[in-house]
Every structure is written in C-alpha cells, then in structure tokens.
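Residue numbers run from 1 in the order of the sequence given. Everything numeric here is computed off the predicted structure, so don't read it as measured data. Atoms within a ligand are numbered from 1 in the order they appear, just like the ligands themselves.
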Amino acid sequence: MAPVTKAVVPAAGLGTRFLPATKAMPKEMLPVVDKPAIQYVVEEAVAAGLTDVLMITGRNKNALENHFDRVGELESTLERKGDSDKLEKVNYSTGLADVHYLRQGDPKGLGHAVLRAKMHVGHEPFAVLLGDDLIDHRDVLLTRMLDVQQQRSTTIVALLEVDPSVAHLYGIATVEPTDEEDVVRITGLVEKPAPGTAPSNLAIIGRYVLRPEIFDILERTEPGKGGEIQLTDALQEMADGPDWAGGVHGVVFRGRRYDTGDRADYIKAVVQLAVEREDLGPELRPWLREFAAGLGDGDGDPDPS
Ligand code: UTP
C-alpha cells in the first residue's frame, strides 16, 4: 500500500454550539491562546509528514483561506516597524503546507465532507483530521496511526477512553485485542448511542487514516443520526465485512486531547495551554490559583477567610 501523503481537514460544520461567535466565522478559526484551532491541526499534519492538505470548507471559508495566505499590508507594516518576531508568526502559517480548498456545498454531515475529497485523494490511503479536535503536540498520535496503517494496510481510527457518562456524545467502538498493546480490532461502531447503552467506553476522536474504499461506501451511505451522512456509519460497514480491505483497527490514544468544538472544553483547552506557556504561564499561574481559591467549595460564593 502506498505511503500516506495527503491530509483532509473537514471544516465545514455549522458550529452551532458556538453561536453567535460562529455566525460569520468557522469555529476552526476560534483562537486557542493566540493561534486559530485550525493552525494546530495543520501543524500536526505537517509534523507527521503530510504537507498536502485539503480543507473542506463551508459558508465562511474566507477566514480560513486568508489565514494560510499572505497578508501584504500586515507584512509590510511589521517590516517597516522592524517587528521581526510578529512578522515571523504571520509568515509561519503562510508557508506551512500546500493547502487546497474545496467547498462542501450543503453541510450534510462529516461523511459527506470526507466524500468531497474523493477526486483530490484518488486511490491512496489518506489521513482525516477534524479541525476542532486538538492533539497536544507533545503526544504522538497521527504518526503512530500512519505506522499502524502501513503495517496492517487497513483503515485506522483513533480511540480514547472516555467516562461512561459522556459516551453518548461520541461514536463508540466494540473491540478485540491484537498482539500490540495500543492497537485493537474494531468489531462494531455506533454513533452517539443512547445514554447508558454504549457498548464500551472507547470513543472515536477526530483522527483517521482511511483506505480509499471508504468513498465507495460513503457514496451509498444514507443519512443517519441527526439526518447527517455519518462517517461512523461507513466505518461500521467497513468493520463489519472482512471483504473491506481487512476491516478497521483502532489506535488507543492515552495523551492530551482538546475538543475545541464544545464551549466548556474549549475554555479548558485555552487555560491549560496558556498556563503551560513560557510567555504567559508565569503571570497566569498565580492568578489562576487565587481565582480558584476564591471559588471556594463550588457553590459560587467565595470561602469566608
Ligand atoms: P460537529 O459534529 O462538531 O458539527 O462536526 P458542527 O456542525 O461542526 O458543530 P455543532 O455541533 O453545530 O456545534 C465534526 C467535524 O466535522 C466537520 C466539522 O467542521 C467538524 O470538524 N463537518 C461536520 C463538516 O465539515 N461538514 C459537515 O457537514 C458536518
């Protein structure tokens, strides 16, 4: 099987959980500290050796395109001011990868967004990185998934152990062990199971290495949960039949992952990443301690001191 060279980044969702912030801007452009979420994702693809990036865009695509393009006026102003640090930050996202864009048209679901990549991808395996799911750059996931894909030649998804109380928010996998500790064979998948019915606590998170046969399945996948064409449903079919190129394997990820599509998780991600930064941490850490102490016992009133 050919090595993976292409990454597809679906960023065409409506982002309704973040309205009104996402009324005129994709949620993938929300800043996580001082970089839009999408830049972390493209940096992750590039770090794994994937420099051909196809972004599937929606109605507010201009902000995404502009972010990875040159901004002449800003560059010349910073040049004039001799502000080389900021100029470097501006130029970094421009030269990061070979980014292509494709409109999804109607946002008919993640499966539909991935199907739009068919022409660009061709008959090779390819990676999919969700633009609102961040993996901490200190923890390796995508590189490991690409290795497992090359060894096994199957379709690979990323799995994370989640608390059973939140399993209904994810696609959940039923699995069998393999000879590798962090790799499982997927025997079943269910998208957002009703509370209390999840077959395991292994949730699919936003990283995939897909075989091109997924397009054949997606082409005839009917709308599922929420009336959307679900990637999980197509993967379920792949996991089901041994005919589908060896089925589906999961790489169990035990590192740090931030879901920036959910408001509370987004805020946690910003705080966590900012606190760890050399330029912001020293100011934020003592403030945060004081702030947390002031929250008291969780009833919202400060503790009496
Ligand atoms: P979500 O399930 O988070 O949906 O999409 P959403 O519409 O973006 O956000 P909410 O739930 O309304 O707040 C998961 C990923 O799939 C992409 C999104 O951009 C996100 O990266 N997506 C989803 C598409 O590209 N197209 C779609 O039609 C749906």
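Given atom 12 (O) of ligand 1, the protein heavy atom at minimum distance is T16 OG1, 2.5 Å. Looking from atom 7 (O) of ligand 1 to the surrounding protein, the closest heavy atom is L14 N, 2.9 Å. Nearest non-hydrogen protein atom to atom 25 (O) of ligand 1 is A12 N, 3.0 Å. The shortest contact between atom 16 (O) of ligand 1 and any protein heavy atom is with L110 CD1, 3.5 Å. At the top of the distance list for atom 2 (O) of ligand 1, counting protein heavy atoms only, stands R17 NH2, 4.5 Å. Residue, atom and distance of the protein heavy atom nearest to atom 28 (O) of ligand 1 are G109 N, 2.8 Å. When only non-hydrogen protein atoms are considered, atom 23 (C) of ligand 1 lies nearest to G13 CA, 3.8 Å. Here the protein heavy atom with the shortest distance to atom 26 (N) of ligand 1 is Q104 OE1, 2.7 Å.
Residue contacts with ligand 1 do not include H112, since none of its heavy atoms lies under 4.0 Å from the ligand.
Counting heavy atoms only, K27 comes closest to atom 9 (O) of ligand 1 of the residues R263, K27, E28.
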query: Could you go step by step and tell me if Q104 and H112 meet the side-chain hydrogen bond (donor to acceptor under 3.5 Å, both in side chains) rule?
result: CA-CA 8 Å; Q104 185 182 358; H112 180 252; 2.9 Å; yes
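Both tests do not hold together for K268 against Y258: distance to the six-membered ring centre under 6.0 Å, angle to the ring axis within 45°.
No side-chain donor-acceptor contact under 3.5 Å links R185 to the backbone of T178.
Those atoms of ligand 1 with a heavy atom of G15 less than 4.0 angstrom away are 6 (P), 7 (O), 8 (O), 9 (O), 10 (P), 12 (O), 13 (O). If you number the atoms of ligand 1 from 1 as listed, the ones under 4.0 Å from a heavy atom of K108 come out as 28 (O). Shown in contact with P107 at under 4.0 Å from a heavy atom are these atoms of ligand 1, numbered in order with element: 28 (O).
Between P10 and ligand 1, a contact under 3.5 Å exists for at least one N or O pair. Every N/O-N/O distance between A113 and ligand 1 stays at or above 3.5 Å.
Using bins of under 30°, 30° to 60° and over 60° for the plane-to-plane angle, the ring pair F18/Y266 lands in the perpendicular bin.
Using a cut-off of 4.0 Å between Lys/Arg side-chain N and Asp/Glu carboxylate O, D265 and R257 are scored as not salt-bridged. R285 has no carboxylate O lying under 4.0 Å from a charged side-chain N of E290, or vice versa, which leaves the two without a salt bridge. The existence of a salt bridge linking E276 and R138 is confirmed by a sub-4.0 Å separation between a basic side-chain nitrogen and an acidic carboxylate oxygen. Contact check on E181 versus R254 returns a salt bridge, with a Lys/Arg side-chain nitrogen under 4.0 Å from an Asp/Glu carboxylate oxygen. One finds no salt bridge joining R277 and E283 here, because no Lys/Arg side-chain nitrogen approaches an Asp/Glu carboxylate oxygen to under 4.0 Å.
L295 and L288 fall within a single hydrophobic cluster, where Ile, Leu, Val, Met, Phe, Trp and Tyr are joined by side-chain heavy atoms under 4.5 Å apart, directly or via other members.
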